[in-house]
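One structure below.
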Amino acid sequence: MNIAVLSGGVGGARFVRGLVDAVDPSGVTVIGNVGDDLEVLGLHVSPDLDSILYALAGLNDEERGWGRAGETWNALESVADLGGEAWFKLGDRDLGLHLVRTQWLREGEPLSAVTRRLAGALGVEGTVLPATDDRLRTFVQTDAGELSFQDWFVRRGHRDEVTAVRFEGAETARPAPGVLEALGAADLIVIAPSNPFVSIGPVLAVQGIRDAITNRRVPSVAVSPLIAGRAVKGPADRMLSRLAGGTTPLQVTDCYKGLIDALVYDEADGEVDLGAVRPIVTRTLMSDADARRRLAEAALEAAAALR
């Protein structure tokens with residue numbers, strides 16, 4: 001079975017881990033958000049791609065929710081001692097990946113090729129692709145003005161209320177090699193439980209990707225990132241409330257109009273009429289490996305029922 005997954009953020013990475021535990025990983029292609037990418041201390045950092053890679057390689061820090069397990073922070077402490085910028089937390093093990101990625105990019109390799117090389121080196125089963133090799137960056141409009149995503153999310157702790165989201169470079173961004181092929185060959189398309197605006201939004205801002213999903217001939221299932229109208233972590237609930245008018249499964253569905261056939265959401269949200277979109281109610285908290293796998297299986301069962 002071939003499955004194409006749109007993923008961003010920690011929730012997306014955890015879901016993908018559960019999915020490859022439930023199916024043959026060789027048939028899974030993850031299309032990752034690059035709107036969060038940034039340069040830190042001269043290094044190209046791809047936080048969402050890295051979360052996916054670490055989760056699939058079994059290297060992610062389950063307790064912290066991001067980064068690598070067993071991390072140390074000596075380099076960052078030295079940066080701070082020397083008066084450098086240390087607001088974006090890069091651990092020593094994590095730095096190794098960013099050093100290699102930056103070197104290969106400077107040698108002229110596209111991000112998609114670099115990501116394949118990193119996945120292979122980490123022993124990742126399945127395929128991980130950036131949504132695009134072109135420059136695509138997320139900016140949010142707030143009462144404090146327009147901010148780059150990481151300035152808002154990390155440096156300012158996403159405390160500013162967001163009134164609009166902009167994706168710089170979306171007008172010319174093309175799907176990375178392999179992305180349209182994965183969507184075209186998929187038996188199922190899944191949108192992971194990620195923030196619809198800043199984790200999945202940048203992926204769908206690549207017009208070729210949006211068009212491919214709009215014109216799909218296979219089931220497309222999204223998983224809500226909210227439980228009882230609240231985000232497990234991060235600002236997704238606040239953004240949905242402000243930008244979509246509410247935090248029920250219906251507002252999540254509205255973010256994906258024309259792109260999904262079913263929405264998997266938590267039983268704590270009750271029964272909700274989603275119109276033409278089929279509701280799949282289950283437990284969605286990914287508290288451990290078994291819970292992640294159960295949620296992935298719920299998405300698979302929803303797709304089977306749509307065929």
Side-chain angles (χ1 to χ4, degrees), residues 3-21 24-62 64-73 75-76 88-138 149-150 173-182 192 194 199 202-203 206 209:
I3 304 173
V5 188
L6 276 57
S7 177
V10 173
R14 286 178 172 170
F15 176 81
V16 168
R17 176 71 254 183
L19 184 62
V20 299
D21 287 340
D24 182 352
S26 66
V28 176
T29 298
V30 187
I31 302 166
N33 170 38
V34 295
D36 297 8
D37 286 19
L38 74 163
E39 189 172 280
V40 181
L41 300 171
L43 301 178
H44 184 109
V45 180
S46 295
D48 280 5
L49 292 178
D50 295 343
S51 290
I52 295 165
L53 290 173
Y54 291 154
L56 293 181
L59 299 173
N60 58 310
D61 190 311
E62 291 277 359
R64 193 169 62 239
W66 54 271
R68 289 187 60 160
E71 191 62 276
T72 55
W73 307 93
L76 192 67
F88 196 89
K89 304 301 183 184
L90 298 179
D92 299 328
R93 295 175 184 271
D94 198 28
L95 274 169
L97 183 149
H98 305 316
L99 286 164
V100 171
R101 174 192 285 123
T102 303
Q103 178 185 352
W104 290 343
L105 288 172
R106 288 177 179 169
E107 290 173 354
E109 290 193 51
L111 183 59
S112 55
V114 170
T115 304
R116 282 195 297 271
R117 289 183 68 178
L118 292 171
L122 293 172
V124 168
E125 297 182 274
T127 302
V128 180
L129 294 171
T132 180
D133 282 333
D134 299 319
R135 180 180 173 82
L136 177 68
R137 297 293 181 268
T138 300
F149 176 82
Q150 298 296 356
R174 299 156 297 174
V179 168
L180 295 185
E181 291 81 356
S194 307
S199 292
V203 179
V206 180
I209 295 176

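Here the structure is a predicted model, which means the values were calculated and not measured.
Scored by the side chain to side chain contact (heavy atoms under 4.5 Å, CB included) test, Arg64 finds Asp61, Trp66, Glu71, Trp73 as partners (sequence neighbours excluded). With sequence neighbours excluded, the residues satisfying side chain to side chain contact (heavy atoms under 4.5 Å, CB included) with Leu38 are Val40, Val45, Pro47, Trp87, Phe88, Gln150. For Glu125, the salt bridge (Lys or Arg N to Asp or Glu O under 4.0 Å) test picks out no residue, with sequence neighbours left out. Annotation: side chain to side chain donor-acceptor pair (under 3.5 Å) contacts of Arg14 (sequence neighbours excluded): none. Partners of Ala182 by side chain to side chain contact (heavy atoms under 4.5 Å, CB included), not counting sequence neighbours, listed by chain and number: Thr29. Every residue meeting the side chain to side chain contact (heavy atoms under 4.5 Å, CB included) condition with Ala75, not counting sequence neighbours, appears here in chain and number order: Asp92, Leu95. Every residue meeting the side chain to side chain donor-acceptor pair (under 3.5 Å) condition with Ser112, not counting sequence neighbours, appears here in chain and number order: Asp133.
Residues Ala131 and Ile209 approach most closely at O-CD1, 3.7 Å, considering heavy atoms. Taking each heavy atom of Val20 and Pro25 in turn, the nearest pair found is O-CG, 3.7 Å. The heavy-atom pair separating Pro130 from Val34 by the smallest distance is CB-CG1, 3.6 Å. Of all heavy-atom pairs spanning Val5 and Ala192, the tightest one is CG1-CB, 4.3 Å. Closest approach of Gly12 and Ser194 over heavy atoms only: CA-OG, 3.5 Å. Closest heavy-atom contact between Leu99 and Leu43: CD2-CD2, 3.7 Å.
Heavy-atom neighbours of Arg174 CZ from other residues, nucleotides or ligands within 6.0 Å: at or below the threshold of 12.
Using modelled atom types, no side-chain atom of Ser7 and backbone atom of Gly32 make a donor-acceptor pair closer than 3.5 Å. In terms of modelled atom types and a separation under 3.5 Å, the side chain of Arg137 and the main chain of Gly35 share no donor-acceptor contact. For the pair Glu107 (side chain) and Trp104 (backbone), a donor-acceptor distance under 3.5 Å is absent.
To the nearest 0.5 Å, the span separating CG on Leu59 from OG on Ser51 amounts to 12.0 Å. One finds the CG atom of Leu6 at 11.0 Å from the OG atom of Ser199 (value rounded to the nearest 0.5 Å). Atoms CG and CG, on Leu41 and Leu76 in that order, are 8.0 Å from each other to the nearest 0.5 Å. Between Ile31 atom CD1 and Leu49 atom CG the span is 11.5 Å, to the nearest 0.5 Å.
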Below 3.5 Å, can you tabulate the donor-acceptor pairs from side chains in residues 115-122 to any protein atom, sequence neighbours excluded?
| from | atom 1 | to | atom 2 | distance (Å) |
| --- | --- | --- | --- | --- |
| Thr115 | OG1 | Leu111 | O | 2.7 |
| Arg117 | NH1 | Glu109 | OE2 | 2.4 |

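Counting only residues at least two apart or on different chains, the salt bridge (charged side-chain N to carboxylate O under 4.0 Å, His left out) pairs with a member in residues 31-52 are Asp50-Arg101.
The side chain to side chain contact (heavy atoms under 4.5 Å, CB included) with Ile3 is formed by just one residue from the set Val30, Asp24, Leu19; it is Leu19.
With respect to the salt-bridge test (charged N to carboxylate O, under 4.0 angstrom), the residues Asp94 and Arg68 do not qualify.
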